[in-house]
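First comes the structure, then the notes that go with it.
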Amino acid sequence: MKNQRLIGEMPKVGIRPTIDGRRKGVRESLEEKTMNMAKSVAEFLSANLTYNNGSPIETVIADTCIGGVAEAALAKAKFDKENVGVTITVTPCWCYGSETMDMNPNRPNAIWGFNGTERPGAVYLAAVLAAHNQKGIPAFGIYGRDVQDIEDNTIPADVQEKLLRFVKGGLVVATLKDKSYLSIGSVSMGIAGSMVDEGFFQEYLGMRNEYVDMTELIRRINEEIYDKEEFEKAYKWVKQKAVFGEDINSEKNKRTEEQKDEDLKMNIKMTMITRDLMVGNPKLADLGYEEEAMGHNAIASGFQGQRQWTDHLPNGDFMEAILNSSFDWNGIRAPYIVATENDTLNAVTMLFGHLLTNSAQVFADVRTYWSPEAVKRVTNKELVGRASNGVIHLLNSGSASLDGTGEQKINGEPVMKPFWEISETEVDKCLQATKWRPANTEYFRGGGFSSNFKSRGDMPVTIARINLIKGLGPVLQIAEGYTVELDDDVHEILNNRTDPTWPTTWFVPNLTGENAFRDVYSVMNNWGANHCSMSYGHIGADLITLASMLRIPVNMHNVSSEKIFRPSVWNMFGTSNSEGADYRACQTYGPLYK
């Protein structure tokens with residue numbers, strides 16, 4: 001597999017063809033149709049979904065159709081051996097519900113009951129979902145809208161959509177399990193998201209927490225515990241490819257050119273070392289550092305930085321931005337997920353977005369709501385187009401991937417792609433659109449560099465954030481919308497009122513006219529923390545499905561109701577208010593791994 005960084009195989013999708021167990025005529029007449037359903041699902045998923053390492057997802061079909069508990073057990077044994085992380089049960093007919101069902105409570109399961117009149121697949125679907133609900137093992141029900149003929153082996157479009165949504169979410173659940181979050185440092189400036197809640201990681205995500213002090217970076221730099229050949233390659237690449245921008249510091253606060261060059265060298269070493277801490281590096285073993293070569297099997301990490309580090313040493317902005325991007329001096333590759341200010345909750349949100357889309361993420365402050373009136377007062381210009389109701393300024397010095405420039409294109413439109421679709425030309429354009437500005441030394445006394453770009457407009461994006469609530473637990477908030485481009489002079493005036501050395505994305509949410517989405521101000525006013533993660537595409541429905549698998553309620557979103565796909569038992573908690581039902585269901589079932 002390409003880009004296999006972490007320990008263990010990628011999780012597979014197990015497909016369970018269930019069948020009416022009655023022999024001497026009934027079962028025999030259904031064997032071919034039932035197995036063909038399983039094969040068609042396997043082929044469809046492998047053709048349409050990809051792991052974040054660039055490989056097509058793998059599926060495993062039970063060796064036989066499942067007509068009773070013995071064959072269910074045989075399928076489970078095979079799936080356990082094959083590292084199956086999510087299962088789909090398919091059937092065109094009646095089957096014995098509790099005898100054929102998947103009883104694993106920690107592995108997401110969906111059932112596709114064929115909508116046909118010759119055999120009662122829908123009856124089995126209802127019966128087995130009732131068994132799941134009664135036993136407290138939530139499952140997703142998939143039932144096509146239109147009746148199909150029994151010989152029809154195609155997958156209807158509405159069934160395809162639900163299969164993809166379910167599998168994408170289920171693979172995120174399985175991919176997170178047993179991986180690590182690595183905290184480099186501790187709490188940054190009292191930010192609540194920096195406070196590691198091990199219960200959340202362990203019980204909701206199935207992850208472990210690892211910790212190193214920021215002095216570990218100093219130790220490895222001073223003792224040269226890094227690949228020095230790679231460092232020389234990286235330094236040469238940065239000097240050739242990077243664009244360095246204006247230093248806005250006052251003369252008394254400016255660092256010398258010699259200091260800036262040393263800052264850059266240290267930033268490169270910090271980048272390499274943080275990566276090595278996360279996933280290891282076999283070259284360190286060749287240097288005699290076998291323990292350091294192992295890494296922490298970290299699927300995500302966070303760097304505290306402020307202020308104990310940045311008051312004295314170069315900031316982590318360069319390191320965070322490069323690692324979160326889909327490329328570096330070693331070429332085009334999958335992003336690493338690194339949260340600025342060690343915001344663990346934003347790191348998890350970034351992970352959700354990355355694993356659902358396979359693309360890089362933009363970490364940002366939800367910095368400012370600019371009303372049309374305020375923009376008019378400050379710039380003497382009207383906001384127009386998508387921006388006419390006001391804009392939200394997404395801005396942070398740290399881990400906004402350079403993919404966020406919008407310089408990758410499909411049919412001339414700005415996008416953020418999975419790494420295997422990105423060209424070298426697009427890498428160069430992302431680098432040319434980014435200026436590395438000497439750090440604002442009023443914020444960062446130790447110097448360093450911050451990435452500075454302005455995102456292209458008209459990208460469909462989703463911002464999201466997990467928050468932890470005392471007495472409730474984690475909740476997820478979601479806002480789909482678009483990036484917008486303001487006139488250059490308007491952008492300059494607004495941007496210069498904050499820190500102009502940082503990357504900016506102007507964001508406008510899609511409005512519904514109700515509740516938190518009645519206007520742009522309300523979205524900003526209802527946001528639960530100072531940070532968000534921005535992902536390319538409108539992925540709110542995928543996030544909602546994933547959240548339900550993890551038992552995390554969604555407290556605000558602007559996704560249309562027909563796209564919401566949760567376990568069928570959620571309907572038993574109420575159908576007239578899906579938000580309230582979501583909260584009640586998540587509270588009833590509790591964390592996935594508790």
Side-chain angles (χ1 to χ4, degrees), residues 1-18 34-66 71-91 100-112 132 137-140 142 155 159-180 205-207 279 297 299 334 351-352 354-358 418 420 542 545-546 548-550 565 567 592-593:
M1 286 185 178
K2 294 181 284 185
N3 255 330
Q4 185 69 28
R5 296 171 180 162
L6 301 170
I7 297 167
E9 296 181 359
M10 301 300 283
K12 298 173 185 175
V13 181
I15 302 176
R16 309 173 70 254
T18 58
T34 304
M35 191 57 75
N36 281 341
M37 280 186 70
K39 291 176 180 177
S40 67
V41 169
E43 291 169 1
F44 169 72
L45 294 175
S46 296
N48 287 279
L49 291 178
T50 308
Y51 294 118
N52 71 319
N53 65 9
S55 301
I57 68 160
E58 296 185 49
T59 60
V60 179
I61 301 176
D63 290 332
T64 67
C65 292
I66 300 168
E71 288 165 319
L74 287 170
K76 180 182 183 302
K78 180 178 184 178
F79 290 174
D80 290 345
K81 187 181 296 184
E82 293 278 355
N83 193 39
V84 165
V86 55
T87 62
I88 301 172
T89 300
V90 300
T91 190
T100 59
M101 66 186 283
D102 186 344
M103 291 284 288
N104 189 326
N106 296 330
R107 189 161 59 195
N109 178 243
I111 302 106
W112 174 25
H132 275 276
I137 307 173
F140 290 77
I142 301 175
I155 304 175
V159 174
Q160 290 183 11
E161 182 179 359
K162 289 182 177 178
L163 285 171
L164 292 175
R165 185 153 293 141
F166 168 76
V167 173
K168 283 193 286 186
L171 287 176
V172 174
V173 173
T175 301
L176 294 176
K177 193 172 188 304
D178 297 325
K179 306 303 190 301
S180 302
L205 308 177
M207 293 175 63
V279 300
N297 199 37
I299 196 170
L351 261 182
F352 287 177
H354 168 59
L355 293 174
L356 286 171
T357 65
N358 296 327
W420 59 87
D542 293 335
T545 294
L546 170 60
S548 69
M549 292 176 175
L550 297 169
F565 187 40
L592 186 58
Y593 302 105

Flag, side chain of R107 to backbone of D102, donor-acceptor distance under 3.5 Å: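 No; judged by distance alone, with no hydrogens or angles, the pair does not exist.
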E43 backbone acceptor or donor facing S46 side chain under 3.5 Å: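 Flag not set: sc S46 to bb E43 has no pair under 3.5 Å.
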Residues in salt bridge (charged side-chain N to carboxylate O under 4.0 Å, His left out) contact with K76, at least two apart in sequence or another chain: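 If we apply the salt bridge (charged side-chain N to carboxylate O under 4.0 Å, His left out) test to K76, skipping adjacent residues, the hits are D80.
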Reported [atom1]-to-[atom2] distance for the pair [X] and [Y], which is rounded to 0.5 angstrom:
{"X": "L351", "Y": "L356", "atom1": "CG", "atom2": "CG", "result": "10.5 Å"}
{"X": "Y51", "Y": "K12", "atom1": "OH", "atom2": "NZ", "result": "7.5 Å"}
{"X": "L550", "Y": "L176", "atom1": "CG", "atom2": "CG", "result": "7.0 Å"}
{"X": "M10", "Y": "T50", "atom1": "CE", "atom2": "OG1", "result": "10.5 Å"}
{"X": "E9", "Y": "E82", "atom1": "CD", "atom2": "CD", "result": "7.5 Å"}

In chain order, what residues pass the side chain to side chain contact (heavy atoms under 4.5 Å, CB included) check against [X], with sequence neighbours excluded?
{"X": "T175", "answer": "P11, I299, L355"}
{"X": "A38", "answer": "I15, P17, M35, I61, V90"}
{"X": "D178", "answer": "none"}

CA sep, side-chain torsions, deciding dist, call: N109, N104, side-chain contact (heavy atoms from CB on, under 4.5 Å): CA-CA 8 Å; N109 178 243; N104 189 326; over 6 Å; no
What is the minimum heavy-atom distance between [X] and [Y], and which atoms define it?
{"X": "V60", "Y": "F79", "result": "O-CE2, 3.7 Å"}
{"X": "I111", "Y": "A139", "result": "CD1-CB, 3.7 Å"}
{"X": "W420", "Y": "N358", "result": "CH2-ND2, 3.5 Å"}
{"X": "T87", "Y": "V84", "result": "CG2-CG1, 3.8 Å"}

Please name all residues satisfying side chain to side chain donor-acceptor pair (under 3.5 Å) with [X], sequence neighbours left out, ordered by chain then number.
{"X": "H132", "result": "none"}
{"X": "D63", "result": "K78"}
{"X": "K39", "result": "none"}
{"X": "K177", "result": "none"}

Donor-acceptor pair between S180 and N297 side chains, under 3.5 angstrom: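 Judged by distance alone, the side chains do not pair up.
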Steps toward side-chain contact (heavy atoms from CB on, under 4.5 Å) verdict (T89, I66): CA-CA 10 Å; T89 300; I66 300 168; over 6 Å; no
Are [X] and [Y] side-chain neighbours, meaning at least one heavy-atom pair lies under 4.5 Å?
{"X": "T59", "Y": "F44", "answer": "no"}
{"X": "I137", "Y": "M103", "answer": "yes"}
{"X": "V173", "Y": "L546", "answer": "yes"}

side-chain contact (heavy atoms from CB on, under 4.5 Å) between L74 and T64, worked out: CA-CA 9 Å; L74 287 170; T64 67; 5.6 Å; no
ring-ring contact (aromatic ring centres under 6.0 Å, His included) partners of F565, counting only residues at least two apart: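 F140.
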Chi angles and distances behind the side-chain contact (heavy atoms from CB on, under 4.5 Å) call for N106, L592: CA-CA 6 Å; N106 296 330; L592 186 58; 4.3 Å; yes
Without placing hydrogens or testing angles, list every side-chain donor-acceptor pair under 3.5 Å for residues 159-168, not counting sequence neighbours.
from, atom 1, to, atom 2, distance (Å)
Q160, NE2, I155, O, 2.9
E161, OE2, R165, NH1, 3.3
R165, NE, D542, OD1, 2.8
R165, NH1, K563, O, 3.3
K168, NZ, D542, OD2, 3.0

